There are 2 protein chains.
Amino acid sequence: MLLEKRGVEIVGAIERRPELIGCDLGEVLGLGRRLGVEVSGDAESVLSRARADVVLQATGSFVHEVESDILLAVRHGCNLISTAEEMACPQATNPDAAARLDRAAREAGVSVFGTGINPGFVLDLLIIALTAACRRVDSVTARRVNDLSPFGPTVMRSQGVGTTPEEFDRGVAAGAIVGHVGFQQSIRLIADALGWRLDRVEERREPIISKVARRAPHATVEPGMVAGCNHTGIGYADGRAVITLLHPQQIQPQAEGVLTGDYIEIEGDPPVRFSGSPEIPGGIGTMAVVVNYIPLVVAARPGLLTLNDLPVPAARMGDMTLSRRGLAS
Amino acid sequence: MLLEKRGVEIVGAIERRPELIGCDLGEVLGLGRRLGVEVSGDAESVLSRARADVVLQATGSFVHEVESDILLAVRHGCNLISTAEEMACPQATNPDAAARLDRAAREAGVSVFGTGINPGFVLDLLIIALTAACRRVDSVTARRVNDLSPFGPTVMRSQGVGTTPEEFDRGVAAGAIVGHVGFQQSIRLIADALGWRLDRVEERREPIISKVARRAPHATVEPGMVAGCNHTGIGYADGRAVITLLHPQQIQPQAEGVLTGDYIEIEGDPPVRFSGSPEIPGGIGTMAVVVNYIPLVVAARPGLLTLNDLPVPAARMGDMTLSRRGLAS
């Protein structure tokens with residue numbers, strides 16, 4: 001996607017898989033041509049040499065996995081956009097790390113921002129934007145129903161696909177079946193935007209027990225076995241569920257007549273319902289959101305930012321170096 | 001809506017209808033209680049005395065109707081939000097006035113912003129935000145299908161409701177039947193956000209000729225007569241229609257089985273379809289969008305702003321004086 005954009009030059013590539021280090025980036029991407037960018041395992045040296053305006057980080061899901069790499073980029077004067085789910089709002093789960101990242105970014109005069117399709121877009125940004133048409137919001141309920149069939153064995157394991165119900169419960173208890181990472185972040189972002197103070201955020205992970213046989217390249221589910229994880233996040237204010245986010249993830253939802261899609265319902269004055277089917281695809285969607293935020297993050301004030309701090313994002317079809325009107329001033 | 005919000009004090013009310021001047025605002029609003037705010041016909045005196053953080057302007061549709069009032073508020077050091085449709089992007093139709101407003105606002109250190117449900121939200125902001133999930137956008141098509149039945153005689157006339165097809169054509173030619181005001185603005189806002197340079201923007205106003213009898217409080221339509229205006233705006237880039245906005249407005253669309261709603265289709269990679277039915281209501285939606293933008297406009301940099309310059313708006317359920325994290329810095 002970056003190669004398709006005007007005004008973008010890829011000045012470095014950092015990787016940890018030893019078999020890729022030393023290769024040309026064009027080979028790694030299977031382009032059939034060299035890009036003149038050698039994939040390196042030495043982040044420090046790439047960051048010193050490349051003097052990048054922005055680093056895109058797509059490595060882990062959790063703040064504790066990505067913080068030290070982010071701080072390294074920040075110390076080299078780079079803005080950074082991370083796909084780590086927890087980085088969409090590290091204030092929600094890692095307030096100490098958030099304070100460290102904010103301080104380091106301000107000192108270096110750069111911006112640090114986490115985004116992706118979810119958290120970062122479907123179950124937070126779209127909901128927040130839709131509430132702007134409401135005089136009063138009583139509660140928000142949104143569902144993202146997707147199909148895990150194309151994913152690999154890591155996703156099958158983390159969602160419990162192909163387990164028995166008993167294995168699923170043990171996996172959840174042991175932390176091996178995690179479901180979706182991002183409810184804490186999305187719920188906090190919505191609450192912050194609307195000005196709700198939440199008492200607590202609850203998460204529930206329940207097995208989607210299949211009535212029929214389902215097959216995917218990396219999973220087999222017999223009737224009575226688990227086709228995926230029905231994961232729910234609920235934010236409470238004054239003891240009332242005000243934000244309910246549902247994200248059932250499974251292989252072959254159509255096998256039981258389940259239509260994939262993104263569904264947003266806002267109760268209030270007026271009520272607002274918006275939906276799209278099928279769901280906005282997660283892989284390409286995350287890539288797009290990250291790249292489309294580049295001009296906004298490069299132009300933004302220094303510090304740790306969330307989507308509530310930045311202008312409305314958009315597909316960037318023109319020159320990525322054109323700062324949007326007014327942003328630079 | 002302002003009276004329901006914490007952190008808002010109404011410090012003045014300016015009106016031109018002579019019969020309302022001198023009344024208490026609470027009486028004018030039919031609250032059955034006084035608010036201690038006298039409705040005045042003397043804008044200069046109210047603005048001098050009130051020292052408002054923000055002025056909400058809901059008077060005309062066109063820049064030429066509202067510019068002098070905006071400049072008056074700006075010279076008194078007030079931020080201003082206008083519901084004038086052309087103020088959503090005065091750069092599109094009134095570049096000279098836009099330059100004057102921008103200069104005056106910067107000199108006074110205040111922000112001037114136009115918004116509403118449409119333009120300002122449904123056919124621009126929501127579309128722009130949805131494109132952020134796209135790697136590539138080829139074209140955008142969106143429809144807002146609404147029901148004019150509740151509106152008064154002015155709207156019936158400006159949309160040609162109850163005319164014959166010949167009267168409709170003459171009314172369009174004479175500028176008496178205007179249809180929707182806002183296509184030029186919405187199309188420009190989308191093009192600016194995506195970085196498209198448009199060759200031209202075309203508008204088409206066609207009569208919605210009813211097959212059946214339709215009745216509304218302020219209009220009667222017999223079969224063969226006009227139930228409303230099917231207004232389309234099309235933005236072209238390199239000779240290709242890249243932005244098509246459709247806004248058929250009529251009384252009793254359900255009489256011919258037409259479902260009201262807001263429908264957005266983005267062709268690209270990935271394609272994105274999002275819709276809601278019925279449509280987000282226009283009157284309350286405009287009021288909500290205006291009020292919900294207050295904290296963002298008060299915290300924004302000085303100048304003439306569009307929705308592309310400001311953070312994602314949201315319903316403000318908490319204290320309106322709380323600036324959102326990071327905005328003030």
Side-chain angles (χ1 to χ4, degrees), chain A residues 1 4 117 121-122 125-126 128-137 190 192-197 262 264 266 268-270 272-277 280-281 284-285 287-289 291-293 301 303 305-320 322 324-327 329, chain B residues 1 4 117 121-122 125-126 128-137 190 192-197 262 264 266 268-270 272-277 280-281 284-285 287-289 291-293 301 303 305-320 322 324-327 329:
Chain A
M1 181 172 177
E4 293 160 4
I117 200 68
F121 193 74
V122 175
L125 188 143
L126 286 183
I128 290 167
L130 283 167
T131 67
C134 298
R135 170 180 186 157
R136 194 190 74 243
V137 175
I190 297 167
D192 282 357
L194 271 65
W196 279 337
R197 287 179 192 280
D262 299 310
I264 296 172
I266 299 164
D269 181 20
V272 173
R273 303 212 174 334
F274 242 73
S275 62
S277 182
I280 299 177
I284 193 171
M287 179 176 80
V289 172
V291 172
N292 287 326
Y293 259 113
R301 69 163 180 82
L305 307 176
T306 75
L307 60 84
N308 287 322
D309 300 311
L310 289 170
V312 181
R316 300 289 311 178
M317 299 304 295
D319 193 316
M320 299 281 283
L322 285 177
R324 276 154 67 169
R325 218 195 120 268
L327 273 176
S329 53
Chain B
M1 182 173 175
E4 294 160 2
I117 200 70
F121 193 74
V122 174
L125 189 143
L126 287 183
I128 291 168
L130 283 167
T131 67
C134 297
R135 171 181 184 157
R136 193 190 75 242
V137 175
I190 296 167
D192 282 358
L194 272 65
W196 279 337
R197 287 179 194 279
D262 299 309
I264 297 171
I266 300 163
D269 182 18
V272 172
R273 304 216 174 328
F274 242 74
S275 63
S277 182
I280 299 177
I284 193 170
M287 178 177 80
V289 171
V291 172
N292 287 325
Y293 259 113
R301 68 161 180 82
L305 308 176
T306 75
L307 61 82
N308 286 323
D309 300 311
L310 289 170
V312 182
R316 300 289 311 176
M317 300 303 296
D319 193 316
M320 299 280 282
L322 285 176
R324 276 155 67 171
R325 219 193 121 271
L327 274 175
S329 52

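In what follows, every chain begins at residue 1, and chains take the letters A, B, ... in the order their sequences are listed. Keep in mind that what you see is a predicted model, and the values were worked out from it rather than measured.
- Between A:Arg135 and B:Ala288, the shortest heavy-atom contact is N-CB, 3.5 Å.
- The most heavy-atom pairs under 4.5 Å with chain A, out of B:Ala129, B:Gly285, B:Ala133, B:Ala315, come from B:Ala315.
- Across every non-hydrogen atom of B:Val312 and A:Ile128, the tightest pair is CG1-CG2, 4.0 Å.
- For the set B:Asp269, B:Val291, B:Ile117, the entry with the most heavy-atom pairs within less than 4.5 Å of chain A is B:Asp269.
- Listed here is the closest heavy atom pair of B:Cys134 and A:Asn292: O-ND2, 3.1 Å.
- Note that CZ of A:Phe274 is 4.5 Å distant from CD1 of B:Ile264, once rounded to the nearest 0.5 Å.
- Only the side chain of B:Leu126 comes within contact range of chain A, with heavy atoms under 4.5 Å apart.
- When B:Pro281, B:Pro270, B:Ser277, B:Gly268 are compared by the number of non-hydrogen pairs under 4.5 Å with chain A, B:Pro270 comes out ahead.
- Of the listed residues (B:Ile284, B:Asp262, B:Val289), the one with the most heavy-atom contacts under 4.5 Å to chain A is B:Ile284.
- Between B:Ala132 and A:Phe121 the shortest heavy-atom distance is CB-CE1, 3.9 Å.
- For a residue to count as touching a neighbouring chain, one of its non-hydrogen atoms must lie under 4.5 Å from one of that chain's; by this rule A:Leu130 touches chain B with backbone and side chain alike.
- For chain B, the nearby parts of A:Leu194 are the backbone and the side chain; heavy atoms of each come within less than 4.5 Å.
- Contacts with chain B were tallied for A:Val272, A:Ile266, A:Val137, A:Thr131; A:Thr131 has the most, counting heavy-atom pairs under 4.5 Å.
- With a 4.5 Å cut-off on non-hydrogen atoms, B:Met287 touches chain A through its side chain but not through its backbone.
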